[in-house]
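Encoded as structure tokens, the structure appears first; notes follow it.
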Protein chains: 2
Amino acid sequence: MARAALSPDAVVGLALRIVDEEGPDALTLAAVAGRAGVATPSLYKHVRNLAELRALVSERVMGELTEIASEAVLGRSGDEALRALMDGWRSYAARHPHRYSALIQAPRPETAEAGERLVGVILAALRAYGLEGSAAIHAVRCLRAAMHGFAVLESAGAFQLAEDLGESYALLAHMVVSGLRTPREP
Amino acid sequence: MARAALSPDAVVGLALRIVDEEGPDALTLAAVAGRAGVATPSLYKHVRNLAELRALVSERVMGELTEIASEAVLGRSGDEALRALMDGWRSYAARHPHRYSALIQAPRPETAEAGERLVGVILAALRAYGLEGSAAIHAVRCLRAAMHGFAVLESAGAFQLAEDLGESYALLAHMVVSGLRTPREP
DNA sequence: TCTGTTAGCTAATGGCATTAGCCTTAGGGC
DNA sequence: GCCCTAAGGCTAATGCCATTAGCTAACAGA
């Protein structure tokens with residue numbers, strides 16, 4: 001090894017700070033190099049290219065979200081677990097809106113494993129509802145859609161009116177819960 | 001006027017074709033100019049800059065979505081209207097996935113009016129539920145979050161497993177409906 | 001101490017957005 | 001039918017960015 005304080009992880013860390021402070025569009029290799037006190041091409045010793053850096057950032061964010069979600073679900077079950085998961089998710093997105101929008105949803109090799117762990121946690125949150133096989137998959141998809149949709153819209157500032165967002169989110173949670181409890185198909 | 005077949009609307013039209021065929025990232029002024037058979041700087045006679053072009057594209061997409069939504073709601077009410085709205089939304093996103101992801105959520109002056117009309121249609125779809133004031137706002141937000149979240153994840157290919165997506169979406173619709181029907185607060 | 005690896009550098013290339021300033025032509029008023 | 005203005009097009013130039021190639025020097029292990 002040589003002298004460096006730099007490493008792939010350190011580069012991702014700097015990238016995250018840029019994303020947080022200036023938004024996902026400000027994430028350029030030039031900007032990262034600037035913060036690292038290094039010439040731009042030097043970064044290629046740590047990261048294949050900008051696309052990979054983005055994927056690594058996304059993976060990191062997904063990991064953080066997984067951790068948050070795990071803690072929320074841990075030691076709870078049923079509606080309580082589900083509400084804790086949803087609240088944790090939203091508050092993460094609200095705390096780091098730029099970071100949240102840097103989350104890449106498209107499945108890339110880099111994020112595949114992180115994505116699966118996250119889905120696993122969501123699945124765990126739903127365990128008490130006694131869903132089997134496909135039913136569990138459908139429920140996970142709906143929960144992801146609801147949480148992600150709300151988080152994206154809230155981060156983007158798409159909810160303009162003055163009404164309390166927490167209350168809107170509580171209604172969303174209520175929809176999920178009652179949808180899981182109420183039998184379908186008349 | 002001069003000779004041109006070009007106009008702001010025509011530029012947006014070309015931009016939409018690029019988005020559809022090559023994805024939102026391929027939308028560059030150079031690419032539009034190429035299709036228009038014109039030098040890049042000439043586009044500035046029709047559009048202020050790339051950011052504005054993106055906003056105009058977004059506005060157009062939002063308009064199309066509003067139209068789809070209106071037709072779905074027209075002549076229906078209650079659960080039927082709500083399900084038709086949701087189905088129309090999803091099928092639009094599925095038919096034009098790139099176009100859908102070019103939808104900008106952040107409120108910009110260019111898209112403000114289009115956004116309000118869209119919210120108006122969603123509100124109309126919920127009319128039969130007898131929601132008043134704030135309750136209606138919360139419901140609209142949840143519906144937007146659910147539809148948008150699902151559409152984004154589906155367009156991005158985030159739902160990997162083989163389970164039928166239509167069934168997942170039906171569950172989501174069921175959640176919304178039963179959440180609106182079931183009283184809250186224990 | 002010597003040597004190989006490797007993080008860093010500079011230089012160069014090419015794509016893109018954007019601005020400035022020029023040229024041409026279409027079209028309306030006469 | 002003619003002129004004159006404005007609109008739409010062009011080329012040239014600038015600057016930012018990503019990426020590649022090839023050089024250099026420092027550190028690790030022998």
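Convention: sequence-line order gives letters A, B, ...; per-chain numbering from 1.
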Task: Stepwise salt bridge (charged side-chain N to carboxylate O under 4.0 Å, His left out) test for A:E59 and A:R54 - done: CA-CA 9 Å; A:E59 186 186 354; A:R54 287 216 189 92; over 6 Å; no

Task: Between B:Y100 and B:W89, a side-chain donor and acceptor under 3.5 Å - done: yes

Task: Given DNA chain C, 5'-ward residue of the pair B:N49 and A:S42, judged by closest heavy atom - done: A:S42

TODO: Mind checking A:A30 for me? I need base, sugar-phosphate or nothing, with any heavy atom below 4.0 Å counting as a touch.
DONE: sugar-phosphate

- [ ] To the nearest Å, give me how far apart CG (A:L27) and P (D:dC17) are.
- [x] 12 Å

Task: Distance, rounded to the nearest Å, where B:L53 contributes CG and C:dC16 contributes P - done: 15 Å

Task: Pair A:E21 + A:R35: basic N to acidic O under 4.0 Å - done: yes

TODO: Can you tell me the distance, in whole Å, between the OH atom of A:Y44 and the C1' atom of C:dT10?
DONE: 15 Å

Task: Check ion pair B:E154-A:R144 (N to O, under 4.0 angstrom) - done: no

Open item on the list: What is the separation between atom CG on B:L43 and atom C1' on D:dC10, rounded to the nearest whole Å?
Closed with: 12 Å

Task: Out of D:dG9, C:dA20, C:dA17, whichever nucleotide has its closest atom nearest the side chain of B:P41 - done: C:dA20

Task: Atom-to-atom span, CG of B:L50 to C1' of C:dC16 - whole angstrom - done: 10 Å

Open item on the list: Please report the distance, rounded to the nearest Å, between NZ in A:K45 and C1' in C:dA7.
Closed with: 6 Å

Open item on the list: Looking at A:H46, I'd like to know whether one of its side-chain N or O atoms comes within less than 4.0 Å of OP1 or OP2 on C:dT6.
Closed with: no

Open item on the list: Considering every strand and a 4.0 Å limit on heavy-atom distances, what is the contact class for B:T28: base, sugar-phosphate, or nothing?
Closed with: sugar-phosphate

Task: Side chain of B:L6 (C-beta onward), nearest among D:dG9, D:dC10, C:dG8 - done: D:dG9

Task: Atom pair distance, as rounded to whole Å: CZ in B:R48 and C1' in D:dG8 - done: 18 Å

Open item on the list: Can you tell me how far apart OG (B:S155) and NE2 (B:H98) are? Round to the nearest 0.5 Å.
Closed with: 9.0 Å

Task: For atom CG of A:L29 and atom C1' of C:dG14, their distance in whole Å - done: 16 Å

